[in-house]
Amino acid sequence: MSDVLRAELVRVAGELGAPDVEFTLERPRDPTHGDLATNLAMQVARQVRANPRALAERIIAALALPEGVVSGTEIAGSVFINFRPATETLAAAHARILAGAERYGRSTSGAGRRINVEFVSANPTGPLHVGHGRGAALGDAIAALLEWTGHTVVREFYVNDAGVQIDNLVGSLWARILHQQGHEAALPEGGYHGEYLVETAERWVADRAGAVPGGPADAPPPELRTYVLQAMRAEQDDTLARFGVRFDVIASETDVYHSGKVQQGLDRLAAAGLTYEQDGALWLRTSDYGDEKDRVLRKQDGSYTYFVPDIAYHLDKHARGFDQAIDVWGADHHGYIPRLRGALVALGLPEDWFAVTLVQLVKVVRGGDEVKMSKRSGEFVTLRDLYEETGVDAARYWFLMRRGDSHLVFDIELASARTDENPVYYVQMAHARLTGIFRNAGIEPATVEGTLDLDALGPADHDLLKALTAFPDEVERAARHLEPHRITNYLEELARLVHGWYHGCRVLGEPPAVERSRLLLARAARQVVANGLTLLGVAAPDRM
RNA sequence: ACCCCCGUAGCUCAGCUGGAUAGAGCGGCGAGCUUCUAACUCGUAGGUCGCAGGUUCGAAUCCUGCCGGGGGUACCA
């Protein structure tokens, strides 16, 4: 209905002397205000300096809509014009849900634009912790939202496998190996104290049948580096795979160096006259492009800052043909955004090519007591620990419930609770109950076909259907803002309606016309709940 | 000192980039199982949208200044 209506409103606005007027046409928060409302009269009144109330009347009079689109029109507050859809429109919307099936809610609005979504990108220095989990759930859901809206998406993970931290990692592992052999050995400054390296050390020694080359006086054996990087990466990959997150591309910082792209990037910056030497270091003029100050590219000791490979890496993403790169970062990196964007803009990339979604850190509590996390001390809750306790569905859903830039309190006890305090169970339950109707009737949902007879049904049925038809718009909006929590909010509201409907509107055993139409409605509702959960990477169980 | 995010019901948070009487869950109080799953439903109480100005037909939403919480301001990654 809205497309036809919007086009007609634009035409009428032109007739009234305001052809380019901006106006809204949306579902009002309060359903008693109709199903679609527009502020067109007020907006036109502003431009042509006329009485809004009179204009609203003229607009309504001038509307020429086909039969079966709108059943009612009214003016409210002398500013809004409210529309009610005709039953034909609603029945057609229902038919679109069934026809769309598992694709209902998808659109082509992205027009195949190629988007690179980079997320998690954890350092290969230890197991993934809970904060990575939030980034994983969010990045994956953002990617899914973009896919649902017709973008071509690549999920990418960047491994910072170069730099001092890896030396510290290797040194830490070497110390653990020496401990194993009964030697005294101190962990390096800035080293990693976690228990997991003790286990890695045991495995390494076992793999080599106890033959450890060298002692406390020696440097770590060279092969230790590849070994520990592979071990850490394998652990992370396995944790993510079990969490239902898969990547199309794993990019590595070392590769960016070896491919010569770092040097190419530096050459490009220098050729554009963006760099200068000072105090024995090489600087980039990022302050000309929105950053607070210029940044060092090459340190006095001749090595590069991590900034350099990051620029090269993002230039490489651009060269690979992406129309946009979206990075999901922890909020503690926010100060880094203007710097990287500045560099990319300086090299001629569009301002909005590089976008960052920030995730605030997660506070983990267990029944009210905070669980401290520190990779250094090694006392932390890993992502794996978390979802093994709560289940993958609950963990993913909890990470997505809140806006990325709001602090998240993750109560392990609450998230694993199988009670009504846990929204994920509430939503999944809606799906299970709807499926239960078909199971009790002994029929497959997909075999219930035909046109919905809305005249046989009541207001509660109509309200449920209207909520179902809002799903595609919600997906569109969530994708535009990169905010998956809009989908969880929608699903919780929909689940509330489903439970209420289930309670108040019996299906099986009603008069044939009612039973048939309610089965059709239940099939549509089940589809939309399933699609919403699937989009978020959460299961839609048939029974619980 | 400067920069970024947040501040909405007792608690956890929504609020569709300016719309109508600010919503939900949990918790409180009250009610409801002979009925397709009570992991549920219904009712009810609960608000100076941090504070003060400004912008306009209209502000929780936009602009300014304060207050409070968190994060960031490396030739670390």
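The sequence lines fix the lettering, A, B, ..., with proteins before strands; numbering per chain opens at 1. FYI, side chains are in, hydrogens and waters are out, and symmetry mates aren't considered; it's all heavy atoms of this structure. Values in this document were obtained by computation on a predicted structure and should not be read as measured data.
Stacking here means ring centres nearer than 5.5 Å and ring planes tilted less than 30 degrees, and by that measure A:Phe80 stacks onto B:rA20.
Considering only side-chain N and O atoms, A:Arg496 lies nowhere under 4.0 angstrom from the phosphate OP1 or OP2 of B:rU41. Under 4.0 angstrom from either OP1 or OP2 of B:rG15 there lies at least one side-chain N or O belonging to A:His485. Put simply, A:Lys293 has no side-chain N or O that comes within less than 4.0 Å of OP1 or OP2 on B:rC3. In terms of phosphate contacts, A:Ser406 brings a side-chain nitrogen or oxygen within less than 4.0 Å of OP1 or OP2 of B:rA14. Residue A:Tyr502 has no polar side-chain atom (N or O) positioned under 4.0 Å from OP1 or OP2 of B:rA38.
Applying the 3.5 Å distance criterion, the base of B:rG71 shares a donor-acceptor pair with the side chain of A:His334. Between the side chain of A:Asn39 and the base of B:rA20 there is no donor-acceptor pair of N/O atoms closer than 3.5 Å.
Using a 4.0 Å heavy-atom criterion, one finds that A:Glu493 contacts no nucleic acid atom at all. Counting any heavy atom pair closer than 4.0 Å across all strands shown, A:Gln300 reaches a base atom. Nucleic acid contact class of A:Ala432 (heavy atoms, under 4.0 Å, all strands): base. Residue A:Arg543 is classed as a base contact, given a heavy-atom separation below 4.0 Å to a base. Counting non-hydrogen atoms under 4.0 angstrom, A:Asp301 reaches nothing in the nucleic acid.
Atom CZ of A:Arg106 is surrounded by more than 12 heavy atoms from other residues, nucleotides or ligands within 6.0 Å.
Of the candidate nucleotides B:rA20, B:rC6, B:rC40, B:rC40 has the atom lying nearest to any side-chain atom of A:Tyr426. Listed candidates were B:rC76, B:rG15, B:rA20. Nearest to the side chain of A:Lys299 is B:rC76.
Rounded to the nearest Å, the gap between the P atom of B:rG15 and that of B:rG27 is 23 Å. Look at the P atom in both B:rC76 and B:rG68: the space between them is 35 Å, to the nearest Å.
Going from atom CD1 of A:Ile311 over to atom CG of A:Leu266 covers 7.5 Å, rounded to the nearest 0.5 Å.
Defined by atom type and a distance below 3.5 Å, a donor-acceptor pair is missing between the side-chain atoms of A:Thr435 and A:Arg543. Inspection of the A:Gln165 and A:Asn123 side chains reveals an N or O donor paired with an N or O acceptor under 3.5 Å.
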